[in-house]
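Below is one structure, written out as structure tokens; comments come after it.
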Amino acid sequence: YHYFVHIKGQAVEMLGMDLKEDCMRFCADVARELSFDGMHFQTGDIRTLPKEPAPDLVLSLHACDIATDIVLHFAASVRAGVILSTPCCQHDLLSKLDLPALSFVTDYPKLAGKLSEALTDALRLARLRTLGYETAALELTDPDDTPKNTLLRAILRPNFDPTGGAAKKAREEYQSALRFVFGEARADYPEF
């Protein structure tokens with residue numbers, strides 16, 4: 001908020017949302033103390049937000065497990081111009097991993113967890129590409145500061161044709177990745 005308003009001189013309306021009421025109350029108090037008048041906080045589920053007006057930017061910070069997928073689904077469904085997400089706790093895929101060819105990795109819980117994190121985030125980015133986003137996985141901060149330092153970035157391509165060749169190729173790549181990870185039994189993988 002400070003960057004956009006005070007450094008870039010832009011008018012900004014920003015909504016922070018979380019299921020934890022005490023967290024939202026704390027954030028609202030801090031925003032009030034800093035005179036961040038365009039910053040608002042709401043307790044609730046992002047799935048209840050109206051689709052209009054669509055946000056220019058959706059930012060998800062350390063949303064645990066499939067909460068990241070819920071935010072990504074919302075952001076993509078409203079065609080947010082930019083999506084930034086720092087995922088956390090990718091347990092959903094870990095419980096479904098069945099990759100005999102990679103048992104030399106998955107036999108070790110610590111390594112299986114790291115593989116699950118990488119696969120989960122790669123599948124998220126592949127899915128966003130099918131929806132017209134240019135994607136990247138970046139290092140958010142120094143790994144010494146936090147082990148959860150991956151930033152998923154998705155920028156909506158302005159002239160994306162969902163029926164065009166690039167969209168078809170992205171969908172084929174995504175389906176191929178899903179088949180690799182889950183075989184044909186992938187019905188319960190979080191789609192967005």
Side-chain angles (χ1 to χ4, degrees), residues 1-5 8 10-20 23-24 27-28 31 36 38-93 116-141 148-164 166-171 173-175 177-178 181 186 188-192:
Y1 183 88
H2 172 79
Y3 174 76
F4 285 123
V5 174
K8 298 303 271 180
Q10 298 195 14
V12 172
E13 289 296 319
M14 192 175 286
L15 173 65
M17 187 171 219
D18 196 287
L19 295 172
K20 297 180 221 107
C23 180
M24 292 296 88
C27 291
F36 287 1
M39 196 170 213
H40 312 283
F41 294 89
Q42 180 177 330
T43 302
D45 188 325
I46 194 169
R47 293 174 285 196
T48 65
L49 285 178
K51 303 281 188 196
E52 295 292 330
D56 297 312
L57 166 72
V58 173
L59 173 64
S60 168
L61 297 173
H62 297 284
C64 280
D65 207 13
I66 65 166
T68 294
D69 298 293
I70 291 167
V71 173
L72 294 177
H73 173 49
F74 171 80
S77 73
V78 298
R79 310 298 289 160
V82 177
I83 304 169
L84 301 174
S85 178
T86 58
C88 184
C89 311
Q90 295 93 331
H91 299 298
D92 188 67
L93 179 64
S116 175
E117 287 180 21
L119 290 173
T120 298
D121 290 340
L123 288 171
R124 288 169 171 157
L125 293 172
R127 176 67 174 141
L128 287 167
R129 280 195 303 276
T130 71
L131 300 172
Y133 286 87
E134 179 183 318
T135 61
L138 309 164
E139 187 172 79
L140 177 64
T141 186
K148 301 289 187 179
N149 69 343
T150 300
L151 172 68
L152 305 181
R153 181 186 69 199
I155 300 171
L156 186 61
R157 287 182 251 158
N159 298 318
F160 177 73
D161 177 5
T163 62
K168 181 180 178 192
K169 182 178 183 219
R171 284 191 299 275
E173 289 172 352
Y174 179 61
Q175 292 302 319
L178 287 175
V181 174
R186 60 183 193 273
D188 62 345
Y189 184 69
E191 281 286 327
F192 59 84

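Hydrogens, waters and symmetry mates are skipped; everything else that's a heavy atom, side chains included, is used. FYI, the numbering just counts along the sequence from 1.
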Scanning both residues in full, the closest heavy-atom pair of P162 with R171 reads O-NH1, 3.0 Å
Salt bridge (Lys or Arg N to Asp or Glu O under 4.0 Å) partners for E173, two or more places apart: K169
Which residues pass the side chain to side chain donor-acceptor pair (under 3.5 Å) test with T48, not counting sequence neighbours? none
What residues, two or more places apart in sequence or in another chain, satisfy ring pair (Phe, Tyr, Trp, His ring centres under 6.0 Å) together with F160? none
Using a 4.5 Å cut-off on heavy atoms from C-beta on, say whether the side chain of E117 contacts that of T150. no
State, with a plain yes or no, whether a side-chain heavy atom of R47 is found less than 4.5 Å away from one of F74. no
With sequence neighbours left out, write down each residue that passes side chain to side chain donor-acceptor pair (under 3.5 Å) with T130, or none if nothing qualifies. R127
L49 and L15, any side-chain heavy atoms less than 4.5 Å apart: yes
Excluding sequence neighbours, so at least two apart, what forms side chain to side chain contact (heavy atoms under 4.5 Å, CB included) with L19? D45
To the nearest 0.5 Å, what is the distance between CG on D56 and CZ on F4? 9.0 Å
Listed partners of V71 passing side chain to side chain contact (heavy atoms under 4.5 Å, CB included), at least two apart: I46, V58, S60
Distance col, row Y1:OH vs Q10:CD, nearest 0.5 angstrom, shows 12.0 Å
If you define the side chain from C-beta out and look only at heavy atoms, does anything of D121 sit under 4.5 Å from R124? yes
For H2, all residues meeting ring pair (Phe, Tyr, Trp, His ring centres under 6.0 Å), sequence neighbours excluded: H6
Just wondering, do L72 and S85 contact through their side chains at under 4.5 Å, heavy atoms? yes
Can you see which heavy atom on L125 is nearest to which on A137, and at what distance? CD1-CB, 3.8 Å
My understanding is that only residues two or more places apart in sequence, or in another chain, count here; which of them pass side chain to side chain contact (heavy atoms under 4.5 Å, CB included) with L151? L84, T86, L138, L140
Going by side chain to side chain contact (heavy atoms under 4.5 Å, CB included), name the residues that satisfy it together with L156, two or more places apart in sequence or in a different chain. R79, Y133
Restricting to side chain to side chain donor-acceptor pair (under 3.5 Å), what partner residues turn up for T135, sequence neighbours left out? R129
Mind listing the closest non-hydrogen atom pair of M17 and G44 along with its distance? CG-O, 3.5 Å
Salt bridge (Lys or Arg N to Asp or Glu O under 4.0 Å) against K51, all qualifying residues, sequence neighbours excluded: none
Partners passing side chain to side chain donor-acceptor pair (under 3.5 Å) against E134 (at least two apart in sequence or in another chain): none
Are there more than 12 heavy atoms of other residues, nucleotides or ligands under 6.0 Å from atom CZ of R153? no
Would you say that I83 contacts L152 through its side chain, given a criterion of any heavy-atom pair below 4.5 Å between the two side chains? no
